[in-house]
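Report on the structure given below.
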2 protein chains.
Amino acid sequence: MGQDFYQILRGLRLKATPKRIAMLEILDAERGYLSPEDIWKRMRKQFGRLGLPTVYRNLEGLYGGGVISRVIHPNRQLYYYLCRNEEHHHHFICISCRRVEDVNFCAEKELQDAVTGGIKGKVLSHILQINGLCFTCLQKEGTARAY
Amino acid sequence: MGQDFYQILRGLRLKATPKRIAMLEILDAERGYLSPEDIWKRMRKQFGRLGLPTVYRNLEGLYGGGVISRVIHPNRQLYYYLCRNEEHHHHFICISCRRVEDVNFCAEKELQDAVTGGIKGKVLSHILQINGLCFTCLQKEGTARAY
DNA sequence: CCTTAAATGAAAACTGATTCTGTTTATCAC
DNA sequence: GTGATAAACAGAATCAGTTTTCATTTAAGG
């Protein structure tokens with residue numbers, strides 16, 4: 001699995017440093033999204049000394065390469081998570097447990113057309129992010145983590 | 001027109017202070033989105049001394065009340081614009097000239113269903129924002145403002 | 001008017017993110 | 001292996017946008 005990430009980084013012309021590999025492993029082990037600081041704290045357990053700027057730099061590189069995706073939390077912070085299947089870009093994020101779920105759109109194709117079509121200008125990018133409480137957190141809504 | 005905003009603020013249980021009215025007038029006069037600092041600069045021409053925190057506080061209140069909407073620019077800053085028609089929530093934003101255009105979705109209804117339906121959890125909010133270059137900026141792409 | 005809760009200005013603090021500089025390290029050619 | 005080199009790194013300083021605090025002012029309703 002680690003070697004897997006190695007190949008991905010090679011493809012992006014990014015050096016396969018132990019820290020980058022570790023970042024991808026951390027994100028892979030997580031079913032949800034993590035803040036840069038979350039990642040930093042976990043990495044310090046492995047590496048001891050480690051700069052927070054390194055985490056930001058690598059997140060930027062990995063995000064630019066499309067290996068990881070990011071989420072804008074209602075609290076305005078940015079969080080990151082690993083992209084698992086590249087053809088699927090839309091997610092439902094739970095703002096309580098921070099889990100990221102694929103959205104099984106009945107009309108994913110129509111959605112794409114709606115987003116990119118019917119516009120006179122040129123679409124460069126779009127953000128579609130659905131925030132809510134996942135089914136699990138909904139059950140125990142009273143005890144959900146503050147957000 | 002100013003009286004119009006007065007009523008809106010009353011409805012939100014926000015005091016109709018001259019500064020809040022002015023903010024709404026500034027946003028109304030603009031066809032595009034403005035940064036908090038943009039708004040602050042324009043207000044200082046009217047009011048002389050004026051604190052930037054006041055702008056932030058009022059933006060928060062107006063945004064909470066749904067009178068204004070906001071945009072996350074690719075440069076990661078937040079910008080605000082006036083909501084003109086409440087039933088229509090999706091916009092195309094030009095990241096060059098900062099104009100906000102309504103999107104005339106052929107399938108706005110299907111889009112809504114796709115966003116809110118088919119999810120086991122509870123949808124609390126969503127962000128759908130389409131970034132690009134408007135038709136005008138597309139023509140003069142070489143001279144478009146940096147973003 | 002007059003009272004009161006809300007809004008404001010000013011200064012300071014916070015926070016996430018970035019820049020800078022010198023050092024270390026992964027990669028690749030040999 | 002070994003050395004060269006371009007990238008990555010740590011640590012400190014810095015930055016910009018935003019928020020807090022607190023004393024003062026002001027709008028709204030009686």
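All values reported here derive from a predicted model rather than from experimental measurement.
- In this structure the side chain of B/Tyr6 never reaches within 4.5 angstrom of the side chain of B/Ile8, judged on heavy atoms.
- Looking at the side chain of B/Lys15, the nearest of the listed nucleotides D/dA27, D/dA7, D/dC9 is D/dA27.
- Remark: P of D/dA16 and CH2 of B/Trp40 are 13 Å apart, rounded to the nearest angstrom.
- Contact of the A/Ile68 side chain with the A/Leu24 side chain is registered, since non-hydrogen atoms from C-beta on lie closer than 4.5 Å.
- Residues A/Tyr80 and B/Leu52 both approach DNA chain C. Their nearest nucleotides, taken by heavy-atom distance, put B/Leu52 toward the 5′ side.
- What separates CG of B/Leu14 from P of D/dG29 is a distance of 13 Å, to the nearest Å.
- At a threshold of 4.0 angstrom between heavy atoms, the contacts of B/Arg13 with the nucleic acid are absent.
- In this structure, of D/dT21, D/dT19, D/dA27, it is D/dT21 that holds the atom nearest to the side chain of B/Arg57.
- Reading DNA chain C from its 5' end, the first and the last nucleotide to sit under 4.0 Å from a heavy atom of chain B are C/dA5 to C/dT18.
- Put simply, the side chain of B/Gln46 reaches to within 4.5 Å of the side chain of B/Ile26, judged on heavy atoms.
- With the nearest nucleotide of DNA chain D identified for both B/Arg10 and A/Arg49, A/Arg49 has the one nearer the 5' end.
- Among residues two or more places apart in sequence or in another chain, the side chain to side chain donor-acceptor pair (under 3.5 Å) test is passed with B/Asn131 by A/Ser125, B/Gln129.
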Evaluate the criterion side chain to side chain contact (heavy atoms under 4.5 Å, CB included) for residue pair B/His91 and B/Glu101; output intermediate values, then yes/no. CA-CA 6 Å; B/His91 301 90; B/Glu101 291 179 7; over 6 Å; no
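- Atoms CE (A/Met43) and P (D/dA8) sit 14 Å apart, rounded to a whole Å.
- In this structure, A/Leu59 places its CG atom 11 Å from P of D/dC9, rounding to the nearest Å.
- For the pair A/Arg42 and A/Trp40, the cation-pi criterion (under 6.0 Å, within 45° of the ring axis) is not fulfilled.
- Two residues, B/Leu78 and B/Ala16, neighbour DNA chain D, and the one matched to the more 5' nucleotide by heavy-atom proximity is B/Leu78.
- Here D/dA28 presents its P atom at 13 Å from CG of B/Leu12, a figure rounded to the nearest Å.
- Among the protein residues, B/Arg20 comes within range of the sugar-phosphate backbone only, with heavy atoms under 4.0 Å from sugar or phosphate atoms but none that close to a base.
- Ring planes of B/His73 and B/Tyr79: tilted class, angle from 30 to 60°.
- Across the protein-nucleic acid pair, A/Gln46 atom CD and D/dC9 atom P stand 13 Å apart, rounded to whole Å.
- Atoms CD (B/Gln77) and C1' (D/dT18) sit 11 Å apart, rounded to a whole Å.
- Atom CZ of B/Phe47 and atom P of D/dT25 are 18 Å apart (whole Å).
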